[in-house]
Visitor: 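Mind having a look at this structure? Questions to follow.
These values consider heavy atoms only, across backbone and side chains, with no hydrogens, waters or symmetry-generated copies. Predicted model, so just to flag it, every value in this text is computed and none were measured. Read the numbers this way: they start at 1 and go in the same order the structure lists the ligands and their atoms.
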Amino acid sequence: MKFVKQKIQKLRKKLRHWEYLYYTKNESAVSDEKYDAMLEKLNQLEQIYPHLITESSPTQRIGGVSQYNFKKIHHKVPMLSLNSIVASFQLLSFDKRIKIKLHANHVMSYCCELKIDGVAVSLLYKEGKLIYAATRGDGKIGEDVTENISTIRSVPMCLKIDSNKYGKLPYLLEIRGEVFISKLCFLKLNKITIQQGNKPFSNARNAASGSLRQLDPSVTATRPLSFYCYGISNYCGEKELPDSHWERLQLCENWGLPINNYIRLISGVNKVLEYYSYIKTIRSNLEFNIDGIVIKVNSCTYQSKLGYGSRAPHWALAYKFPSAVSSAKVDNVIFQVGRTGIITPIAYLEPIVISDVTIRKVNMHNINEVKRLGLMIGDIVRIQRSGDVIPKIVEVILSERTDHVKTIELPRFCPVCGSRIKTWHNQSILRCTAGLSCLAQRKATLEHFVSKKAMNIYGMGNKIIDQLVNQGLIFTSSDVFRLNKNKLLCLEGFGLENIERLLRSIEDSKKITLARFIYALGIYGVGETVASNLAIVYKTIENLAAADLQSLSNLKYVGPIIANNIYHFFRNPDNLKNVQDLIDPAIGIQLHVIT
Ligand SMILES: NC(=O)c1ccc[n+]([C@@H]2O[C@H](COP(=O)([O-])OP(=O)(O)OC[C@H]3O[C@@H](n4cnc5c(N)ncnc54)[C@H](O)[C@@H]3O)[C@@H](O)[C@H]2O)c1
Ligand SMILES: [Zn+2]
């Protein structure tokens, strides 16, 4: 029993970590399949040992959290997730199960909708005016994104009067819907993100979520977000609402809320299966990503009878599409050195297209993955891309291995600077220990420093940084502020206009919040959340640099490892000198604290 308990705890810890990255950081550490499979494993264990179920288990609650830097909104009606299925027999048994519960033996009516891969929002209208918009958060408390939502053109600020049926606008109307980004806009946004030297979003959902949850609404305004309404959660008006979910959606459309064209009212579960197959065939032609269909019992009376679980309603299901799989040849494996010196194997492929996206390389994260797969250069591998998440090598197709394959030589020295490599975690993680004297780490540190969420310096993409570092024009981040026209004229393919734009952007970056500045320093483990917290607590960079280990360890979101990293960062003479140079009045950076 102790063993099962430990296993359950381990699964929960892993799932919570992935959820934190997914919902808070808009990053996918693993594919959705892997997350879903792990959640299902936990679910099965909990079914066998129900006394081990806790309220906070990922099977019982919604994965999101609301970040403290947004105002909070308490949802009067909880915003839940959906139970999902992947096979037709599960839909048939759902249909049977609910008929038994409802004591109904007639053909059931279902409202079938697309499951758009975006972010759920709740919009409250009073007498037709948008009062607030909130994200799902943990289902009970969401983030106030009213200003950001107001920048989305398809969200009406005021409802229209439905002259046919409802006369006056409802006194109160709360609707639920999905904010998303189209496939085309996602590709464009990522192109710009990469040009600006920032990390691209791994999929359209993460891009939509990241764009909606911007602290600065003017940034959201530049992101091409769209919106579809898929339900009413609360209503108070002169007339009663119709009992049909489908009719309620038509009513929303009459009030001016956008409703997706593919929503159908369908009679009987066999026709639902036909709808599923049809949508699967047109999926790649849609302008936006969907990861399945949503099936809802149409009668609202039945919906209330079936009720809700803690995570999802009992009257709806998400029927997900299988993920896209294809095979490709591995042309080469290159070891890439990151900002913190971690060395990652990247498999370069003969380009393939999966769900409309060309895949040329796959990040294999660590060398254990190379070992686990038994991968060799020249192998044919199976690549999976679930929804639009990062591609992954699932397996080597051994039956297609030829005599021409080559062994992958694991590096013993840093492939960039030739320094000694340190290994840990059972030798799965390799790290170059040369710090900033390693060219790769220096470049990656600078890329991070100028990136959007850090100093936000436009026009200094990876290629420019490569040249600046290779030509010895910059060494540390403070050198960025010593760049001038003459130095920049040495760069290839960088005209006067680009130079002026870059210098202006460097100048503009000098007015910055302390939180961003701390984040820009690139201390190992200090992401945006920790950086904001440090800024609030220490108020000045000098206070932070002088903070002792004890005080750092007492902070929220800062564990002993991060506290140690921060403490030692400021004890390293090179780092300290760089920070002092950066805040030197000669450079003119103005740090301010926003609380
Ligand atoms: N890869 C990872 O690390 C990771 C981590 C956490 C969660 N996830 C993934 O996220 C998903 C779980 O997230 P979730 O709780 O948001 O559930 P979900 O996305 O599977 O389903 C619920 C959501 O569907 C959306 N939706 C779209 N169209 C809808 C419609 N017509 N009607 C109703 N809702 C509609 C709503 O936003 C709703 O919140 C899983 O697929 C999981 O794989 C992945
Ligand atoms: Zn190195």
Visitor: Would you kindly say whether Ser109 and Asn298 are connected by a side-chain donor-acceptor distance under 3.5 Å?
Guide: no

Visitor: Hey, which atoms in ligand 1 end up nearer than 4.0 Å to a heavy atom of Asp36?
Guide: 40 (C), 41 (O), 42 (C), 43 (O)

Visitor: Mark the output for Val294 as yes if a heavy-atom distance to ligand 1 is under 4.0 Å, and as no if none is.
Guide: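 Judged by the 4.0 Å heavy-atom criterion, Val294 does count as contacting ligand 1.
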
Visitor: Whether the side chain of Arg223 engages the backbone of Leu212 through a donor-acceptor N/O pair (distance < 3.5 Å, no angle test) should be reported.
Guide: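 Pair absent, no side-chain N/O of Arg223 close to backbone of Leu212.
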
Visitor: Counting from 1, what ligand 1 atoms have a heavy atom of Ile116 closer than 4.0 Å?
Guide: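 That gives atoms 27 (C), 28 (N) of ligand 1.
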
Visitor: Tell me whether Glu19 has any N or O atom under 3.5 angstrom from an N or O of ligand 1.
Guide: no

Visitor: Under a 4.0 Å heavy-atom limit, does Asp291 contact ligand 1 with its side chain, its backbone, both, or neither?
Guide: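 Neither part.
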
Visitor: If you take the nearest heavy atom of each of Arg205, Lys320, Lys14, Arg61, which one is closest to atom 20 (O) of ligand 1?
Guide: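 Among Arg205, Lys320, Lys14, Arg61, the closest heavy atom to atom 20 (O) of ligand 1 comes from Lys320.
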
Visitor: Describe, in one word, how the ring planes of Phe94 and Tyr110 are oriented to each other, choosing from parallel (under 30°), tilted (30 to 60°) and perpendicular (over 60°).
Guide: tilted

Visitor: Is it the side chain, the backbone, both or neither of Leu82 that has a heavy atom closer than 4.0 Å to ligand 1?
Guide: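 The part of Leu82 near ligand 1 is both the backbone and the side chain.
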
Visitor: For atom 33 (C) of ligand 1, state which one of Tyr35, Tyr22, Tyr230 supplies the nearest heavy atom.
Guide: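 Residue with the shortest heavy-atom distance to the ligand atom: Tyr230.
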
Visitor: Decide whether the shortest distance between a heavy atom of Met79 and an atom of ligand 1 is less than 4.0 Å.
Guide: no

Visitor: Please state which option from Lys296, Arg311, Arg136 has its nearest heavy atom closest to atom 38 (C) of ligand 1.
Guide: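 Going through Lys296, Arg311, Arg136 one by one, Arg136 has the nearest heavy atom to atom 38 (C) of ligand 1.
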
Visitor: Name the orientation class of the two ring planes belonging to His245 and Trp315 (parallel below 30°, tilted from 30 to 60°, perpendicular beyond 60°).
Guide: tilted

Visitor: Can you name the atoms of ligand 1, numbered from 1 with element, that are less than 4.0 Å from a heavy atom of Trp18?
Guide: 3 (O), 5 (C)

Visitor: From the options Glu40, Gln47, Lys41, select the one residue that forms a side-chain hydrogen bond (donor to acceptor under 3.5 Å, both in side chains) with Gln44.
Guide: Glu40

Visitor: I need the atoms of ligand 1 closer than 4.0 Å to a non-hydrogen atom of Leu114, numbered in the order shown.
Guide: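 Answer, ordered by atom number: 28 (N), 31 (N).
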
Visitor: Between Glu46 and Ser57, is any side-chain donor less than 3.5 angstrom from a side-chain acceptor?
Guide: yes

Visitor: Give me the ring orientation class for Phe321 and Tyr276: parallel if the planes are under 30° apart, tilted from 30 to 60°, perpendicular past 60°.
Guide: tilted

Visitor: How far apart are the C-alpha atoms of Lys71 and Glu143, what are their side-chain angles, what is the distance that settles it, and do they pass the salt bridge (Lys or Arg N to Asp or Glu O under 4.0 Å) test?
Guide: CA-CA 6 Å; Lys71 244 170 61 192; Glu143 298 150 326; over 6 Å; no

Visitor: Here's a test for you: under side chain to side chain contact (heavy atoms under 4.5 Å, CB included), which of Thr135, Val155, Asp144 qualifies with Ile149?
Guide: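 Only one of Thr135, Val155, Asp144 forms a side chain to side chain contact (heavy atoms under 4.5 Å, CB included) with Ile149, namely Val155.
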
Visitor: Between Arg205 and Glu178, is the closest basic N to carboxylate O distance under 4.0 Å?
Guide: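 So Glu178 does not pair with Arg205 through a salt bridge.
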
Visitor: Does Arg176 come within less than 4.0 angstrom of ligand 1, counting non-hydrogen atoms of the residue?
Guide: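 Per 4.0 Å heavy-atom rule, Arg176 does not contact ligand 1.
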
Visitor: Under a 4.5 Å cut-off applied to non-hydrogen side-chain atoms, are Leu114 and Ile279 in contact?
Guide: yes

Visitor: When you look for heavy atoms under 4.0 Å from ligand 1, do you find them on the side chain of Lys115, its backbone, both, or neither?
Guide: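 Both the backbone and the side chain of Lys115 come within reach of ligand 1.
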
Visitor: Hey, is Glu174 close enough to Lys76 for a salt bridge, meaning N to O under 4.0 Å?
Guide: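 Lys76 and Glu174: not salt-bridged.
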
Visitor: Just distances here: any N/O of Tyr23 and N/O of ligand 1 closer than 3.5 Å?
Guide: yes

Visitor: Can you list, by chain and residue number, the protein N, O or S atoms under 2.8 Å from the Zn ion (ligand 2)?
Guide: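 Short answer, with waters excluded from the count: Cys414 SG, Cys417 SG, Cys432 SG, Cys438 SG.
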
Visitor: Numbering the atoms of ligand 1 from 1, which are under 4.0 Å from a heavy atom of Ala120?
Guide: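 By the 4.0 Å cutoff, the relevant atoms are 36 (C), 37 (O), 39 (O).
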
Visitor: Looking only at side-chain N and O atoms, does Asn578 offer a donor or acceptor that is under 3.5 Å from a partner on Ser477?
Guide: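 Distance-only check passes for Ser477 and Asn578.
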
Visitor: Which pairs pass side-chain hydrogen bond (donor to acceptor under 3.5 Å, both in side chains) with one or both residues in residues 257-274, sequence neighbours excluded?
Guide: none

Visitor: Considering the heavy atoms of Glu113, write down every atom of ligand 1 situated less than 4.0 Å from one of them.
Guide: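 Listed by number with element, the hits are 30 (C), 31 (N), 32 (N).
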
